[in-house]
Visitor: 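Quick one: the structure is below, questions incoming.
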Amino acid sequence: MKTKIFLFAPLISIPLLYSCEALAPQEPEEYELLDGPVENLNQAESIRFIEGDKAFNDQIFTIETGLGPIFTGTSCVSCHAGDGKGHPFVSFTRFGQDLPGINNFLDQGAPQLQNRAIPGYKPEILPSGAPHAEFLAPIVTGLGFLDAVSDEDLLAMADPDDLDGDGISGRVHWNDRPDYVKDRPGTISKNGKYITRFGKKANVYDLLHQTADAYNQDIGINSYYEPYDTYSGDKVQPEIDRKTINDVVFYLKTLKAPIPRNQDNPEVVAGKALFENTQCTACHKPTLRTSYSPITAISYQEFHPYTDMLLHDMGPELDDGYTEGYALSSEWRTAPLWGIGLSKDSQGGEYYLMHDGRARSIEEAILLHGGEAENAKNKYQNLSQQEKSQLIKFIESL
Amino acid sequence: MMKIYTSNYFKIGLYLLIFFYMETALAQEEKSGIEQSVQESQLNMDAVFSRPSLSFEKVPVALGGYLEANTMHRIEEGITDGLSFQARRLTIFLAASISERIKFLTEIEFEDGGKEIAIEFAALDVAFHPMFNFRGGIVMNPIGAFNENHDGPKWEFVERPDVAVNMLAATQSNAGFGVYGKTYSGNWIFGYEAYLTNGFNSKIISNEEDKTYLPAYKDGDNLFEENFSGKAMFSGKLAIKNRKIGELGLSYMGGAYNKFEEDGLSVEDKARVNVFAIDWNTSIQATNTYIVGEAAFVKVETPESYTPQYGNKQHGFFIDVVQAVYKNKIFEWEDATFNLAARFDYVDWNVGKFKETDTNIGDQLLAVTPGISFRPTPKTVFRINYRYQWQKDIINNPAERAATWYMGFSSYF
């Protein structure tokens, strides 16, 4: 009799295997995650997204595959975990330029300080007296939308001479760009200069420029686009193929925009109104529109990044004395606020905000605002305790 | 994750055939379950020779081995790749007693359907005295207990312990030689092992895991012909056992791992790896409970200016608790056993704090695996496991959770 029971044991375990989903970890909600593609990619685009995803998130560079010899990180994902903001342990320093125009330390490894080296090599050290600033990795989602905003729209938002008298004078960054980038549709140039929009100093023209530069400067991986080794300065064989770089660019372009949460919560609704009243939206523009993009899912879309992608003078406190391109050392590009509420999930459960992660909370970040944002900061400080917390709840919902 | 392809069905079929053939062919019953060895005068270090079908008394050459196969269904953060069938490994032992005090044994492992073939052990043993035996060839480094005592049929779990295979490099064997011995006194048994072998290489701090990872040394070239660092690695173990209580082992393995000199020129600072392990096992007769575990500590010197991605301190442990719940005749098996079992796995691949933030470095894994096993005979185990794991990235972001069901068998033949 007893033996019969044992006959059943293996039979029972088969349906058990199939009913196990209930015990397993549930899939997080889409709005809890930063990674994932925009909706409505076609199949070929999906394949390309997956290829780029693998290169960005799974391709770890080792000494054998070309890491360094001097570098700052071993892979894209090591600094942009889950496509979110980075952790200070992989922040890097840039140095050598304090005024618009030229970097005087190019012969000493400027602008980026490759502070790590593979065994046997010495990393760069900051030359004494060199102007410098720390950079913390930003969120990389929704970049395709930011990339597809036309130069014309950026110029329309800019107000370099503060003609409207609101104390805020955002400007586009007229800058040089590398030869290998291609014009975005409708690009505008002036005296041989182009509008650069990525990076915290808005020093980068597009996502190809950013990606090729990141492989080269951050990981020490030379490519067709950026063939000069950061250690020897020699033009060397590519360590990564063009297709991979372009797949990564495609991946960055098609990462979905962060999805806001708790939008019906009354505190969040109240906070949203306060965000507008305290003049935050003068720089952190809630809504932008893309123009034409060859990727249909991104073409002519409205999206909500909470940035104007313009440079603003942020006052002495955020002036590190270092700059890039033709920006002033006090000028920073408005940080997009989308996804900020999820940044703790990629920063080890803590907040590290502003360009170098010095702000440990949203409130600290607001209080660091100065210069053109002085008024907005003061308005924030004049809010009641309850209003402040509503405003912060709203920012966290983004 | 390994996927099943049509040709694998064929292989599974073939394995099953071999398995059933061997089952009937080998009629003689031998004690082999790891539990049995606790009562016997055997230590973990004896595991290589205390395998069924390797009895030298009868024949000069003996052939044996084991096979492991299972199904697996894994769900990670709600996403699954579905069900896969795995024929994880087929291991073949071949032993020969060359003369009275000289014997040879080799263990060859086919993993992943034959894609990976590894000589896990191939050594000549010469017995001069119970306290002094020589062993040379491809030997298993005596670090922890699992490395030397890793046969699938001895364990209640489909997966091998994380600390043993994902922090330490089990099964770790290297070309080299050494000595070992054993002595008895009443209920006490004392054993030692000491080997000099080839060591690790720089892959342990430059690999696709993006962390200090001892198993990565296996991706090196010419492992059995060349010693990457040019310096011998020492590994040694002391084990003590009381037949009534259990066994305790202390082991160490260490040496340079990088090529610090080339053509007589210094090209890197010499860097060492040091590993300490402690292992134990005990049987509680009164309750029919068996407990086995191992903890290990790894220190790897890395250049100051290299990336903190590669830590210089690691530790981890595993502990298995196996409770026999039914021991009796089932069908025609006289001595069949049903066990309930649970395993805890813990590994921290990067112990320490970030100097930038003074917060803890992550890179940790925790797993709990309850299981049921059925042993018709000690040589064969059928097992059902459910493993739930939490794995944290280096920054300590919310853990990735994964749950895996396993159903499989492992059997000596």
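Each chain gets a letter, A, B and so on, in the order the sequences are listed, and its residues count up from 1. Since the model is a prediction, treat every value here as computed from it, not as a measurement. In what follows, every heavy atom counts, from backbone to side chain, and hydrogens, waters and symmetry copies are set aside.
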Visitor: Sort B/T359 into side chain, backbone, both or neither according to what part of it lies under 4.5 angstrom from a heavy atom of chain A.
Guide: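 Only the side chain of B/T359 comes within 4.5 Å of chain A.
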Visitor: Checking B/K392 against chain A: side chain, backbone, both or neither under 4.5 Å from a heavy atom?
Guide: neither
Visitor: With a 4.5 angstrom heavy-atom cut-off, could you sort out which part of A/D58 is near chain B: side chain, backbone, both or neither?
Guide: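 Neither; nothing under 4.5 Å.
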Visitor: Side-chain contact, heavy-atom cut-off 4.5 Å: B/I361 with A/F89?
Guide: no
Visitor: Counting heavy-atom pairs under 4.5 Å to chain B, which of A/G68, A/P88, A/G86 comes out on top?
Guide: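 The residue among A/G68, A/P88, A/G86 with the greatest pair count is A/P88.
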Visitor: Any side-chain donor-acceptor pair under 3.5 Å between B/N397 and A/S346?
Guide: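 Not at all, the side chains of B/N397 and A/S346 share no donor-acceptor pair under 3.5 Å.
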Visitor: With a 4.5 angstrom heavy-atom cut-off, could you sort out which part of A/K344 is near chain B: side chain, backbone, both or neither?
Guide: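 It is the backbone, since no side chain atom gets that close.
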Visitor: Between A/P25 and B/E400, is any pair of side-chain heavy atoms under 4.5 Å apart?
Guide: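 No, every pair of side-chain atoms sits at 4.5 Å or beyond.
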Visitor: Quick one, B/Q309 and A/S78 - any side-chain contact, counting heavy atoms below 4.5 Å?
Guide: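 With C-beta onward as the side chain, the pair touches.
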Visitor: Within the 4.5 Å heavy-atom criterion, are A/P28 and B/E77 side-chain neighbours or not?
Guide: yes
Visitor: Quick check on A/S75 against chain B: is it the side chain, the backbone, both or neither that has a heavy atom closer than 4.5 Å?
Guide: side chain
Visitor: Side chain, backbone, both or neither: which part of A/Q347 has a non-hydrogen atom closer than 4.5 Å to chain B?
Guide: backbone
Visitor: With heavy-atom distances below 4.5 Å as the criterion, would you say the side chains of B/I75 and A/E27 are in contact?
Guide: no
Visitor: If you count every heavy atom of other residues, nucleotides or ligands that lies below 6.0 Å from B/K259 atom NZ, does the total exceed 12?
Guide: yes
Visitor: Can you find a pair of side-chain heavy atoms, one from B/Y306 and one from A/Y121, that are under 4.5 Å apart?
Guide: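 Side-chain contact under 4.5 Å: no.
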Visitor: As an exercise: rank A/P119, A/G120, A/P123 by heavy-atom pairs under 4.5 Å with chain B and give me the winner.
Guide: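 Top option by heavy-atom pairs under 4.5 Å: A/P119.
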Visitor: Is it true that the side chains of A/E64 and B/S206 contain a donor and an acceptor less than 3.5 Å apart?
Guide: yes
Visitor: At a heavy-atom separation under 4.5 Å, does B/D210 approach chain A through its side chain, its backbone, both, or neither?
Guide: both
Visitor: Check whether more than 12 heavy atoms from other residues, nucleotides or ligands sit under 6.0 Å from atom NZ of B/K218, and answer yes or no.
Guide: yes
Visitor: Tell me, side chain or backbone of B/A402 under 4.5 Å from chain A's heavy atoms, or both, or neither?
Guide: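 For B/A402, the backbone is the part near chain A, not the side chain.
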